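Attaching a single structure in structure tokens format; questions to follow.
The figures here come from the full heavy-atom set of this structure, side chains too, leaving out hydrogens, waters and symmetry mates. Predicted, not measured: the structure shown is a model, and the values here were computed from it.
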Amino acid sequence: MISLKNIHKSYVTGTNSLHVLKGINLEVAEGELVAIMGSSGSGKSTLLNIIGMLDTYDEGDYRLEGQLIRNMSEKRVARFRNSHIGFVFQSFNLISFKNAMENVALPLYYRNIHRKKRNQVAMELLEKMGLSEWAEHMPNELSGGQQQRIAIARALVSRPKVILADEPTGALDSQTSYEVMDLFREINQSGITILIVTHENDIAHMTGRIIRLHDGDIVTDEINGIRRKQPVLQTLTH
Amino acid sequence: MFDPDRWHEIFYALKKNKLRTFFTAFGVFWGIFMLIIMMGSGNGLENAVFADFGDMATNSVFMWTQRTTMPYKGFQRGRYFNFRNSDTQALKDKIPEIGLVAPRIQAWGGGGANNVIRNERTSSFTIFGDYPDLQRIDPLNMTEGRFINELDIEQHRKVAVIGAKVKNDMFEPGEDPIGEYLKIQGVYFQVVGVFESRKSDQQSERENQVIFLPFTTLQQTYNYGDIVGWYALTSRHDVPASVVEAKAKRLMAERHSIHPEDQRAIGSFNLEKEYQKMTGLFTGIRILVWIVGIGTLFAGMVGVSNIMLIVVRERTKEIGIQRAIGATPWNIMSQVITESVILTTAAGYFGLVAGVGIIEGVNLALAKAGTSSDMFKNPEIDFQMAMLALLILVISGALAGVIPARRAVSIKPIDAIRFE
């Protein structure tokens with residue numbers, strides 16, 4: 001599903017070059033629920049953004065469903081994102097002047113689906129997720145947990161293969177966080193691959209696989225608690 | 001394009017900061033408003049000036065005799081001379097560029113004293129002797145009866161065509177002047193027509209006090225022999241009036257033994273030249289109006305562009321989210337450009353309506369007051385101009401949106417999402 005080979009990424013600011021990803025190799029199979037962990041600056045968000053085609057990489061190969069993602073036009077990237085990937089953000093990022101249903105329907109708008117049709121699809125999804133009573137509410141009338149659930153619905157509405165969540169529970173209390181994680185697990189059980197960036201251990205342990213990043217390298221990769229890769233202690237030798 | 005979501009977003013963006021939207025819109029409003037007002041006023045000035053020409057043939061030339069200023073062929077300088085009937089034929093025969101030749105004469109003797117009598121009414125009017133062709137050079141509106149015709153000329157009929165003021169002064173209200181007689185400088189003439197001037201103001205007032213007699217009748221009745229007072233000429237439509245003017249003057253100089261270099265012996269007035277001068281002047285005014293108008297509009301457009309830049313900046317994060325969930329750069333750009341076009345067009349439309357409203361108001365007020373001025377008449381905006389202005393608005397709105405739109409998609413979506 002997701003295949004990263006020797007991915008490098010540097011941020012250049014003036015004369016300084018910050019090497020954020022130092023040769024990432026990662027395979028994620030269809031239907032996995034993966035947590036990406038690491039301290040701030042470890043490159044976990046950058047990795048997620050590259051997977052989400054929101055950011056570019058300097059070196060290596062990134063394939064999504066076998067399709068090499070490199071030097072694509074903005075238009076193709078947008079279409080690809082729209083059809084393959086759903087995003088969930090820490091700060092929910094709902095459009096403030098659209099109600100919940102319109103927010104959920106928005107990805108379909110960019111697929112040129114007729115208004116009636118897309119609102120209907122959004123409504124069905126909200127019903128399925130038990131959120132229909134909030135459909136007409138504006139984002140600022142909803143609690144954080146409700147907003148995040150709406151945002152997850154928005155990520156789901158275009159029936160993506162992959163959902164990428166950047167600190168989805170970062171702005172929520174622990175009770176709500178667990179509820180959101182339960183939702184993710186439910187979605188995962190329907191066959192959708194999910195990658196979650198988090199720095200909370202309890203959240204990470206609710207997933208099937210934990211990848212830990214440190215200074216741009218993958219240091220551990222545990223599947224169901226079993227380490228697949230020994231820590232690379234490069235950093236210590238520097 | 002006509003998706004409600006799109007409009008929803010546009011109105012939300014504009015509503016979010018009403019005062020700013022208002023001031024931005026005002027720039028465009030003012031630009032188009034000024035353009036319309038200036039264009040209307042220019043047209044008003046133009047209409048007033050050209051109204052003085054009436055419906056005169058713009059290719060007409062008037063030519064009269066003055067005093068010679070150079071001795072020639074044994075004649076001394078300072079000699080008076082007159083055009084003669086034979087000159088009329090010579091003009092027709094020798095100058096093929098001439099279209100119409102209308103010899104004219106005025107019966108002197110009025111001079112402010114009362115020269116027209118009917119029963120107990122007496123008054124002073126201007127008396128001209130003319131050919132039917134005058135109607136094609138300096139036309140009049142015939143309100144009753146007819147103008148002088150060829151038979152009047154041939155048979156030296158004692159008929160008169162009178163101006164509206166003459167009718168008013170010499171007849172009872174409601175009385176039919178046709179067939180009645182007027183005693184003009186001692187001789188009775190039968191009224192066959194009443195006319196009204198097509199010119200404006202003083203010019204029309206003066207013309208409405210004129211009595212036209214057949215040219216030949218006037219010559220004979222008042223003992224002018226074969227003297228012609230002056231000529232009204234037109235050029236053929238493919239020839240400039242100035243050619244006819246020069247040739248006619250040269251021919252007259254030859255026939256009346258005038259030194260070829262004597263510029264002052266024969267006076268002339270070339271309406272075409274005057275007309276062109278005026279046309280040139282108004283073309284200049286119109287160009288100026290457009291430059292100023294477009295300049296003002298451009299300033300408004302820069303304002304819109306600026307505000308859109310701010311809007312785009314404020315909505316950076318939102319744009320980033322939209323792109324993350326699948327909006328293409330063109331989706332975003334067309335959104336921004338549409339917003340700009342809507343703002344510009346709406347504001348411009350109000351400017352257009354306000355401008356046209358004021359112009360029409362002035363028009364109405366002028367009409368109601370019943371007075372007309374030499375400087376201003378029927379300010380107007382034609383429909384094409386208004387449409388052109390609207391088209392310019394839409395295009396400038398789109399142009400104003402281009403830079404902000406490019407700006408909106410120049411930021412990487414990921415940076416846009418992180419933007420606070």
Side-chain angles (χ1 to χ4, degrees), chain A residues 9 11 45-46 48-56 73-99 101-116 118-119 138-139 151 154-158 160 163-164 166, chain B residues 1-18 20-21 310-339 342-343 402 404-420:
Chain A
K9 173 76 182 173
Y11 288 115
S45 286
T46 305
L48 196 76
N49 291 333
I50 287 172
I51 294 170
M53 292 180 283
L54 287 174
D55 212 341
T56 54
S73 74
E74 270 291 342
K75 192 178 167 181
R76 273 196 71 201
V77 166
R79 295 246 182 281
F80 216 77
R81 262 203 301 264
N82 186 263
S83 59
H84 285 72
I85 298 169
F87 283 96
V88 178
F89 302 96
Q90 178 176 1
S91 47
F92 325 129
N93 287 348
L94 297 174
I95 306 286
S96 59
F97 54 88
K98 289 180 187 290
N99 68 28
M101 180 188 65
E102 286 166 340
N103 261 290
V104 173
L106 197 57
L108 301 178
Y109 170 61
Y110 298 116
R111 278 196 194 172
N112 298 320
I113 290 171
H114 194 262
R115 182 183 170 84
K116 250 189 186 157
R118 64 173 191 262
N119 282 348
M138 301 305 272
R154 185 176 66 184
L156 277 173
V157 78
S158 57
I163 285 184
L164 301 177
D166 192 358
Chain B
M1 182 69 202
F2 294 104
D3 193 295
D5 269 6
R6 197 185 177 101
W7 300 106
H8 189 90
E9 249 178 77
I10 287 163
F11 289 121
Y12 174 80
L14 298 179
K15 232 167 55 189
K16 208 172 158 190
N17 207 324
K18 288 196 186 91
R20 197 176 61 196
T21 304
I310 298 174
V311 168
V312 160
R313 193 177 158 76
E314 274 182 358
R315 297 175 62 195
T316 300
K317 184 167 177 156
E318 189 187 306
I319 290 168
I321 298 164
Q322 289 177 337
R323 293 180 69 186
I325 62 178
T328 59
W330 175 244
N331 284 147
I332 304 291
M333 278 179 79
S334 63
Q335 177 85 36
V336 174
I337 289 171
T338 313
E339 234 171 271
I342 297 273
L343 187 61
V402 166
R406 294 177 73 106
R407 175 70 178 277
V409 294
S410 67
I411 311 170
K412 276 199 292 186
I414 183 61
D415 296 331
I417 293 170
R418 292 207 189 109
F419 188 90
E420 288 302 333

Could you pull out the closest heavy-atom pair between B:A327 and A:A78, with the gap in Å? O-CB, 3.6 Å

Any heavy-atom pair between the side chains of B:K412 and A:N49 that's under 4.5 Å? no

Identify, with sequence neighbours excluded, every residue that meets side-chain contact (heavy atoms from CB on, under 4.5 Å) alongside A:D166. A:S45, A:L48, A:V197

Only pairs of heavy atoms separated by less than 4.5 Å count here; which of A:R154, A:R81, A:R76 has the most with chain B? A:R81

Checking heavy atoms, do the side chain of A:F80, its backbone, both or neither come under 4.5 Å from chain B? neither

Looking at every non-hydrogen atom in both residues, tell me the closest pair between B:I414 and A:L54 and how far apart they are. CG2-O, 3.4 Å

Kindly compute the distance separating CD1 (B:I321) from CG (A:L94), expressed to the nearest 0.5 Å. 8.0 Å

Is a donor on one side and an acceptor on the other found under 3.5 Å between the side chain of A:N82 and the backbone of B:I325? yes

Heavy-atom contact with chain B under 4.5 Å, split by part of A:R111: neither

Within-4.5 Å side-chain heavy-atom neighbours: A:E74 and B:V409: no

What is the distance from atom OH of A:Y110 to atom CZ of B:R323, rounded to the nearest 0.5 Å? 11.0 Å

In Å and rounded to the nearest 0.5 Å, what is the NZ to CZ distance from B:K317 to A:F89? 9.0 Å

Residues which pass salt bridge (charged side-chain N to carboxylate O under 4.0 Å, His left out) with A:K75, listed by chain and number, not counting sequence neighbours: none

Given a strict heavy-atom distance threshold of 4.5 Å, which part of A:S73 is in contact with chain B: side chain, backbone, both, or neither? neither

Best-contacting candidate, B:G320, B:P413, B:A324, against chain A by heavy atom pairs under 4.5 angstrom: B:A324

